[in-house]
Amino acid sequence: VSGLTRLVAMLAELEEQLVGCMRCGFCQSVCPLYAETGRETDVARGKLAMLDGLAHQLLADPEGVRQRLERCLLCGSCTAGCPSGVKTTDIFLQARAVLTAYLGLSPAKRVVFRQLLARPALFDRLMGWAPRLQGLVARPASAELGTSCARLQAWLGSRHFRRLADRPLHADIPSRRTAPGRAGLTAAVYVGCLTDKLFPGAGKALLAVLEHYGVGVSLPAGQACCGIPALAAGDGRGFRRLLAHNLALYDPARFDVLVTPCATCAATIRKMWPAMAQGLPPAQAERVRLIAQRTRDASELLVEQGLAPQPADQGRGEAVTFHDPCHLNKSLGVAAQPRRLLAAAGWRLAEMAESDWCCGMGGSFNLAHYELSAAIGRRKLANLAATGAPVVATGCPACLVQLSDGLSREGQKVRARHYLELCAQRL
Amino acid sequence: MSLEALARELAALAGAENVYTHEADLHAYSYDAAVLKEVRPGVVVRPTRGEDLGRVVALCNREGLPLTVRGAGTNLSGGTVPEAGGVVALTSGLNRILEINPADLYAVVEPGVVTAALAKAAAGRGLFYPPDPGSQAVSTLGGNVAENSGGLRGLKYGVTRDYVLGLEFWGVDGGLVKTGAKTVKCATGYNLAALMVGSEGTLGVVNRITLKLIPPPRASRAMVAVYHSLEGASQTVAAIIAAHIIPVTLEFLDSFTIRTVEEYAGVGLPTDAAALLLIEVDGHPAQVEEEARQVEAICRQEGAAGVQVAADAAQRDRIWEARRAAIPALARLRPTTWLEDATVPRSRIPELVAAISDISRRHRLTIGTFGHAGDGNLHPTILLDKRDAGEMARLEEARGELFAKAVELGGTLSGEHGLGLVKTGHLVEEVGRATIAWSRRLKAALDPKGILNPHKAIGD
């Protein structure tokens with residue numbers, strides 16, 4: 001059996017999903033990457049066609065397909081807008097897993113996903129040193145945004161990256177368990193890597209908001225990454241290791257809902273864990289199902305449970321503009337709820353044009369394709385600047401990294417904050 | 001000329017970053033929205049200046065290489081499926097709106113401008129570009145010109161050809177041909193723009209388009225009418241026209257489509273209805289008020305079981321949701337969606353719909369029909385699995401009968417999708433041999449080597 005035949009057999013599992021694409025090309029109108037490049041291989045239709053070509057042996061170079069498949073933000077805009085309901089993001093993640101299994105994982109990714117992320121204690125210890133070292137390689141760029149730029153551009157390019165917090169969240173609050181108050185329910189809290197290490201304030205704001213509304217908290221120590229970077233790299237093994245670690249920590253018997261301040265983590269847990277759970281032992285699969293079913297964005301939980309107060313008079317508050325994270329809006333369908341919380345906290349919403357257009361971050365996409373990522377981000381920056389609001393709020397730390405980078409590079413005086421922080425300030 | 005040499009020459013004139021030769025890139029330009037086998041080009045080039053596009057045309061002609069120009073690749077008849085080993089020229093790098101002139105009511109655009117982008121830019125200047133093909137969110141104006149694209153507003157506002165004031169296009173030898181003007185009137189030379197519109201890329205390559213803009217209507221009113229018989233819906237259409245009211249949209253959904261949409265979107269459609277009409281009138285507020293009342297009365301007179309007039313924007317949106325959901329709802333039923341666009345004089349719609357349901361039954365094919373009742377342009381949408389050879393064979397027979405019926409009723413094979421590769425075989429039934437021979441003589445004179453989008457539009 002030749003190698004390519006083995007690949008074709010692996011791709012055959014995608015056949016039923018691939019055939020659903022009617023090649024209408026409507027994904028061109030929503031794809032943030034295609035809007036920059038105009039290249040068919042950058043848009044979902046082209047990617048599905050390439051996978052179909054590979055599966056039917058019309059293409060002979062899987063590496064070429066993999067490279068093009070990785071030029072994708074995994075923002076889910078195409079999935080949300082697909083007229084024939086093709087689950088593009090699921091297909092792309094599965095295809096990346098197939099191609100990685102066939103072509104292998106790069107040594108650097110192997111170390112990160114299998115050695116580092118999969119060992120949260122070691123990862124946290126290493127990262128614990130980093131805040132003390134970052135002054136050596138970087139100098140502050142914006143105090144307001146907490147960004148730095150590299151002293152030597154060779155490593156980090158022209159990024160203005162968000163500085164690591166002096167103390168990660170887990171150093172201050174390693175675990176917590178509180179009894180439910182008037183809300184009568186307990187929320188498991190999943191913190192997420194970026195919240196823990198870059199935006200502990202957003203994590204603390206979530207805990208404060210939950211406490212304020214009488215929601216009990218169950219925050220277990222030693223959480224691992226949700227697994228989306230491993231999935232994006234096609235590393236199924238690394239993903240399953242992280243999943244097993246987290247499943248052991250989160251016993252559905254101990255909570256009613258699971259909340260996280262990270263839209264990407266929420267979307268991964270609610271959508272990707274079940275989609276990627278094939279082959280798990282039944283007990284684990286059942287746990288994935290229950291956890292996914294109960295996962296909510298904090299704003300979604302508060303609105304759904306009737307806990308959030310009615311919006312106050314909008315006329316006089318300070319203006320804030322809201323950026324919809326793709327994983328919140330397009331993956332989870334949550335858009336009105338965080339706005340409602342902001343309004344209830346006395347903020348005046350100044351909507352930007354295209355608030356649901358991707359900021360260009362895309363996690364590892366930003367690392368691999370920084371210039372494209374920044375170009376997509378500029379459209380967002382122009383839209384948010386046009387509102388004149390001094391603050392931009394969002395619901396995902398990954399978007400905060402991208403927004404902070406762009407705002408800092410352009411020298412804009414706009415603050416970028418998690419909506420939970422803005423709400424917690426006014427409790 | 002070898003492919004390598006060709007790629008080098010294209011890189012020299014359009015920039016190396018704008019020439020694609022990797023198999024994966026070529027594969028991504030081997031299809032459009034028609035259900036056809038992929039045909040892989042030899043090289044793809046993406047010029048970013050009009051002059052470069054002209055040089056690409058001249059180079060292809062010199063070397064005798066088939067050239068297919070591609071906008072968004074949304075064509076439903078295979079018009080942008082290239083020739084094997086040929087050249088594909090993309091217009092996505094030629095997407096500038098060069099001018100919007102509110103005083104003289106026109107816009108000048110490059111061919112790669114997306115239809116909805118021009119409509120939005122025009123609206124931003126207080127003007128209106130009416131043609132709204134179903135793919136307007138992605139389709140390009142160059143493609144709209146090549147296909148003479150229509151849309152929902154055809155009945156009142158016409159189609160793409162009604163808005164083309166002037167064109168610049170590259171002849172096959174690379175000479176720039178100019179026709180029409182920025183003025184409403186122009187009697188200079190042949191009306192070459194009329195020849196180019198709908199020519200499917202077989203006669204020349206569009207470089208710039210001057211499009212007419214109009215003032216937007218100041219008000220509109222939408223309504224939905226439910227019928228228990230097809231005849232009631234059809235008589236309503238006839239009675240509205242007889243009353244000299246021209247609605248901006250007059251859309252039809254058959255019973256199968258109604259049930260499928262309701263199952264998918266749950267918008268509250270009556271699933272026992274035989275037909276649904278979605279009607280919108282627009283214009284001066286006072287006129288809209290009066291016409292909406294008249295249309296409502298006509299619907300009831302002609303036996304509508306229920307008429308609902310939208311009281312506000314939210315209700316209007318709900319009404320149109322049923323039409324917007326038609327394709328997504330139907331497309332989810334089976335893996336393959338084959339969208340036809342047979343068109344008949346509007347008074348013959350009941351006969352065409354009856355013929356479609358007969359064809360569907362005899363050939364054991366699932367067909368949902370919806371479309372533009374006001375202009376007689378229906379979209380029988382055939383749902384099947386392209387991997388099932390038996391079903392595909394039945395599809396071919398069914399299409400043949402559908403076309404024969406459309407022609408018999410005094411209609412046409414294609415209202416707005418063009419003939420591309422999938423209908424040229426039936427052209428003779430509609431226009432006869434002499435027309436095809438004349439068209440081919442024209443083609444041979446303008447494109448002696450036959451390199452411009454071979455086989456399309458008139459076949460060979």
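Values below: all heavy atoms of this structure, side chains included; hydrogens, waters and symmetry mates excluded.
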Which one of B/Ala72, B/Ala137, B/Ser92, B/Ala331 has the most heavy-atom pairs closer than 4.5 Å to chain A?
->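 Highest number of pairs under 4.5 Å: B/Ala72.
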Just give me the residue among B/Pro328, B/Ala116, B/Ala329, B/Gly112 that pairs up with chain A most often, heavy atom to heavy atom, under 4.5 Å.
->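 Highest number of pairs under 4.5 Å: B/Pro328.
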Partner of A/Met22 under side chain to side chain contact (heavy atoms under 4.5 Å, CB included), chosen from B/Ile327, B/Leu339, B/Thr336 =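 Exactly one pass, corresponding to B/Ile327.
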Tell me, do [X] and [Y] make a side-chain contact under 4.5 Å, heavy atoms counted?
{"X": "B/Val44", "Y": "A/Glu40", "answer": "no"}
{"X": "B/Val114", "Y": "A/Gln28", "answer": "no"}
{"X": "A/Thr37", "Y": "B/Arg46", "answer": "no"}
{"X": "A/Leu54", "Y": "B/His27", "answer": "no"}

Please look at [X] and chain A and tell me whether the side chain, the backbone, both or neither of the residue comes under 4.5 angstrom of a heavy atom of that chain.
{"X": "B/Arg334", "result": "neither"}
{"X": "B/Asn95", "result": "neither"}
{"X": "B/Arg387", "result": "side chain"}

Nearest heavy atoms of [X] and [Y], plus distance in Å:
{"X": "A/Val65", "Y": "B/Ala24", "answer": "CG2-CB, 4.4 Å"}
{"X": "B/Lys386", "Y": "A/Val19", "answer": "CE-CG2, 4.1 Å"}
{"X": "A/Asp61", "Y": "B/Glu23", "answer": "N-OE2, 2.6 Å"}
{"X": "B/Tyr31", "Y": "A/Gly46", "answer": "OH-CA, 3.3 Å"}
{"X": "B/Ala28", "Y": "A/Thr41", "answer": "CB-CG2, 3.7 Å"}
{"X": "A/Phe26", "Y": "B/Gly134", "answer": "CZ-O, 3.5 Å"}

Around atom [atom1] of [X], are there more than 12 heavy atoms of other residues, nucleotides or ligands at under 6.0 Å?
{"X": "A/Glu13", "atom1": "CD", "answer": "no"}
{"X": "B/Glu263", "atom1": "CD", "answer": "no"}
{"X": "A/Arg379", "atom1": "CZ", "answer": "yes"}

Do side-chain atoms of B/Arg332 reach the backbone of A/Pro83 as a donor and acceptor pair under 3.5 angstrom?
->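 Such a contact is found between B/Arg332 side chain and A/Pro83 backbone.
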Chain B interface, residue from A/Leu58, A/Val30, A/Val86 that has the most non-hydrogen pairs under 4.5 Å |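 Going by pairs under 4.5 Å, I would pick A/Leu58.
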Distance from A/Arg39 atom CZ to B/Asn18 atom CG, nearest 0.5 Å?
->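 One gets 9.0 Å once the value is rounded to the nearest 0.5 Å.
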Hey, what do you get for CG (A/Asp52) to CD (B/Glu38), rounding to the nearest 0.5 Å?
->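 With rounding to 0.5 Å, CG (A/Asp52) is 6.0 Å from CD (B/Glu38).
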Check each atom of A/Cys82 against the heavy atoms of chain B and say whether the ones under 4.5 Å are side chain, backbone, both or neither.
->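 The answer is the backbone of A/Cys82.
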